[in-house]
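Let me begin by presenting the structure, written as structure tokens, before commenting on it.
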Amino acid sequence: MPVATHCVETAAKAFGLGRDESLKLSLATEEIFSYLSSNVCRGESVDIRCVNGLSYVRVEFRFSVSALDMGALNIAASVTCDNDDDMPEMGLAIASRTIDRLNIMAERQNRVCLAIEKDKDYPSVPETPLPPAVVKGLLTAETPDTEGVKIYVTRVNQGPPDPLRPPFFQYPGKVADMVAAGDCQIVTAVDARGECAGGVLFRFRTARIVEVFGPHVFCPAREGEIADMLLTACIARIARTKAIGIVNLTGMPLSVRGQYELLGSLKYSGDDGKSFVRSWYYRLLHEDPGYLVFTDAILKEYLEGEFKRLFLAREIRDVHDQGEIKEVASIFSTEMLREGSTAVLSPLWPGADLDDNVKRHLRFLKDEAINNIFFNLDLGIYWHASLMRVLIDNNCRPALIIPFGAQADMLIFQYDRTEP
Amino acid sequence: MTEPNLDLLVPAYVREFEPYIPSKPDPELQRLYGCDRLYRLNNNENPLGPPPGAQEVIRGFHPPRGAVYPSGDSYYLRREIAVRHGIDPDQIVVGNGANEVIAFVIKAFCGPGDNIITADKTFAVYEWVAVFSGIEARVVPLKEERFDDREMLQRIDNATKVIFLCNPNNPTGTYWSRDTLKAVLDEVGGRQIVVVDEAYFEYVEADDYPDGISLIKDYPNLVVFRTFSKMYGIAGLRIGYLAGDIKVVDMIRRTCVVYSVNGLAQEAALACLRDETGHIRRTRELVREGKAFLCAEMSAMGLPVIVGEGNYLIVKLKGSDTLAYRKLMHEGIMIRPMTGFRYPNHIRVTLAKMDAMEAFVAALKKILA
Ligand SMILES: Cc1ncc(COP(=O)(O)O)c(C=O)c1O
């Protein structure tokens with residue numbers, strides 16, 4: 001164990017993480033390592049990898065898990081359902097407090113990857129604003145160099161404030177590193193003299209869904225033209241990749257809204273306690289081949305209505321619990337995003353304890369003061385349907401469907417914090 | 001049971017490749033989309049079907065022959081094609097559709113580190129085969145909807161092995177004239193293979209459109225693709241071919257799998273070439289009528305079109321092409337959304353019989369209303 005934490009701390013510093021951050025990352029590593037070796041993969045080896053994400057450092061733990069110990073992967077594993085004062089050791093939970101992101105993913109061959117990330121600190125946008133952009137004549141869409149990235153980000157910040165804009169937009173250097181690491185791409189519109197008239201930033205949000213920010217236009221007189229050109233260039237760049245759809249949650253000018261479909265909206269509550277609504281705009285990049293999806297009868301009508309509204313061809317099949325034997329312990333993979341106080345849970349494994357497990361997770365996340373809790377179900381996986389009723393009974397409501405957001409469509413449930 | 005470790009077994013360029021999902025069969029689509037008939041305007045098929053002689057061949061296929069291997073190298077068909085073009089049968093390789101010969105060419109000329117050059121907005125298979133074979137595909141943006149000859153020449157380097165030109169281009173219908181093609185071939189000077197995909201050759205009526213096969217004798221690095229899927233209406237039988245210089249084709253032949261072309265396709269293709277009933281004329285008339293009709297209708301609806309040679313045209317919509325696809329499917333019309341061709345908000349429509357054209361216009365009006 002000292003080897004693991006020492007390695008992580010040294011690597012984190014070498015990768016440019018500050019002293020404090022490095023320490024926090026190595027503390028989290030220690031916590032996770034000891035939790036894994038005593039609860040999850042006793043006596044088995046754990047591969048630890050430290051990855052330089054440029055704007056963050058990531059530690060990945062890879063291990064095999066036997067069915068018996070899988071339950072310990074639930075972030076709320078050691079939380080009991082109803083007893084308030086009993087909160088024994090909870091390694092994953094403690095670790096998740098000192099870092100920015102924690103994520104658990106199932107990989108091939110019964111392997112699991114647990115990853116934690118700590119962000120670097122960057123100076124925010126300079127105080128002295130750039131003079132307004134003076135754009136003339138013909139524009140071309142191009143991939144900016146580092147300087148171009150920083151100018152684009154700075155100009156986005158000088159534009160009208162947008163509470164929905166992610167915080168990384170406040171740090172031009174961070175975005176430049178994100179681009180360099182391949183975590184996102186940017187296309188800018190420039191005139192013959194290289195003046196930046198606008199830009200669009202996009203990145204893979206899941207394996208198949210690209211999230212688009214903007215297009216941001218710095219030359220209001222030509223907004224329609226510039227926004228259209230940037231969105232077209234952005235789509236052309238992802239058209240022949242793994243991406244199957246794009247979503248836009250922030251910064252979209254009105255003029256390109258007609259190119260998207262409104263999926264629905266999610267309610268968020270900010271750190272300041274104020275709540276806001278984020279509309280999800282979507283665009284499918286492929287033909288819809290038609291699909292088979294599974295539901296509990298309780299949501300059949302809802303799904304029929306949504307698929308009709310979105311013109312998606314779906315055969316909806318009811319799944320019934322017919323008393324068959326189930327595994328004992330279900331598992332949720334949890335993505336904890338401290339920034340935005342958000343947790344996203346996805347079912348990894350079915351089990352007879354779904355209701356208890358959901359309750360445990362909700363209780364744990366509320367205790368952790370996580371404001372925004374979502375469950376992502378894959379409508380293409382039949383047993384996810386058995387969660388629908390459980391979630392509804394636990395004050396979650398189906399909020400929106402992302403076509404092909406998972407193996408098939410992803411149905412996002414939002415936990416309603418106004419519960420009594 | 002031990003699962004194979006696919007992360008180790010599969011090269012990254014294969015793992016990372018996103019397989020193309022073909023549409024489901026018509027009856028499945030009709031069921032899913034709830035439409036009782038489907039006009040197929042997505043694949044540039046010929047609604048007249050194959051010429052009468054080929055229909056006769058298909059009808060007359062004697063079932064026990066299903067047990068017998070076909071000619072492994074399409075012997076009679078290559079002889080017929082050769083005679084018609086005044087070339088040697090060994091200058092021809094027949095494949096299971098032109099798609100298959102694309103793979104033959106890339107396998108024959110490209111190794112690790114090599115690249116091919118093509119356009120960004122063109123038939124995707126050249127790029128796909130290159131990418132899933134670990135070969136870099138340099139895609140040069142079209143210029144005014146045409147293959148950009150200057151820029152493509154610029155992009156050539158020592159590792160460039162093949163240049164793919166789609167002539168006329170699917171989906172824009174633009175083409176290089178004889179002079180442009182010859183000028184490029186002169187400049188390339190035999191350092192690279194230049195492939196000219198003439199899948200829509202028989203549709204082109206323009207005088208300055210080059211017959212690639214006739215240029216092979218002057219440019220031994222030129223390889224020409226043709227198919228029986230488009231004008232000849234036997235897409236379902238899967239047959240197309242390439243022609244080139246005899247030494248070049250001798251190399252390409254090494255990478256092809258013999259017996260990939262079935263016997264019925266070979267015989268039907270022969271009958272297509274021997275058609276004397278005016279199949280090409282009839283089809284061209286149909287395309288001309290459909291083109292004029294759609295151009296007028298789209299213009300009346302204020303929708304710009306990109307139209308040239310070939311049995312298809314592109315319509316520019318105001319919103320998402322993939323949404324239009326879904327809405328049109330519910331109306332029983334299948335078109336090709338163009339996002340995958342890097343033309344977001346555009347759809348490609350096959351020019352077909354007037355009932356289909358009218359149904360398309362009516363459905364488009366309905367969904368845009
Ligand atoms: C330009 C082009 N080349 C090749 C092909 C493939 O033809 P085949 O059906 O012979 O494989 C097509 C078919 O869509 C095409 O449009």
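Every chain is numbered from 1, with letters handed out A, B, ... down the list of sequences.
Side-chain contact between Leu32(B) and Glu315(A) is present, with at least one heavy-atom pair separated by less than 4.5 Å. Using a 4.5 Å heavy-atom threshold, the side chains of Thr339(B) and Arg283(A) count as touching. Two residues are said to be in side-chain contact when any heavy atoms from C-beta on lie closer than 4.5 Å; Arg342(B) and Ile238(A) fail this criterion. Proximity of Asp288(A) to Tyr33(B): side-chain heavy atoms (C-beta onward) are separated by under 4.5 Å at one or more points. His286(A) has its side chain out of reach of Pro337(B): every pair of non-hydrogen atoms, C-beta onward, lies at least 4.5 Å apart.
Interface residue Leu29(B): only side-chain heavy atoms are found under 4.5 Å from chain A. Interface remark: Lys327(B) contributes backbone and side-chain atoms alike to the contact with chain A (heavy atom separation under 4.5 Å). For chain A, the nearby part of Glu127(B) is the side chain; its heavy atoms alone come within less than 4.5 Å. For chain B, the nearby parts of Leu285(A) are the backbone and the side chain; heavy atoms of each come within less than 4.5 Å. Within the 4.5 angstrom heavy-atom criterion, atoms from both the backbone and the side chain of Phe341(B) approach chain A. Residue contact with chain B, scored on non-hydrogen atoms closer than 4.5 Å, involves the backbone and the side chain of Glu287(A) alike.
Looking only at heavy-atom pairs under 4.5 Å with chain B, the residue among Leu231(A), Asp228(A), Ile235(A) that has the most is Ile235(A). The candidate with the highest count of non-hydrogen atom pairs below 4.5 Å against chain A, out of Pro19(B), Gly319(B), Gly340(B), is Gly340(B). Most heavy-atom pairs under 4.5 Å with chain A: of the set Ile21(B), Leu323(B), Asp321(B), Val131(B), this distinction falls to Leu323(B).
For Phe17(B), the CZ atom is densely surrounded, since the number of other residues' heavy atoms within 6.0 Å is greater than 12. Counting non-hydrogen atoms of neighbouring residues, nucleotides and ligands closer than 6.0 angstrom, the CD atom of Glu301(A) reaches no more than 12 such neighbours.
Using a 4.0 Å cut-off between charged nitrogen and carboxylate oxygen, Arg208(A) and Glu18(B) count as a salt-bridge pair. Using a cutoff of 4.0 Å between basic side-chain nitrogens and carboxylate oxygens, Asp7(B) and Arg111(A) are not scored as salt-bridged.
Atom CG of Asp120(B) is separated from atom CZ of Arg240(A) by 8.0 Å, given to the nearest 0.5 angstrom.
Taking every heavy atom of both residues into account, Lys24(B) and Gly290(A) meet most closely at NZ-O, 2.7 Å.
Contacts of residues 302-314 of chain A with chain B at a heavy-atom distance below 4.5 Å involve Leu310(A), Phe311(A), Leu312(A), Ala313(A), Arg314(A), listed in sequence order.
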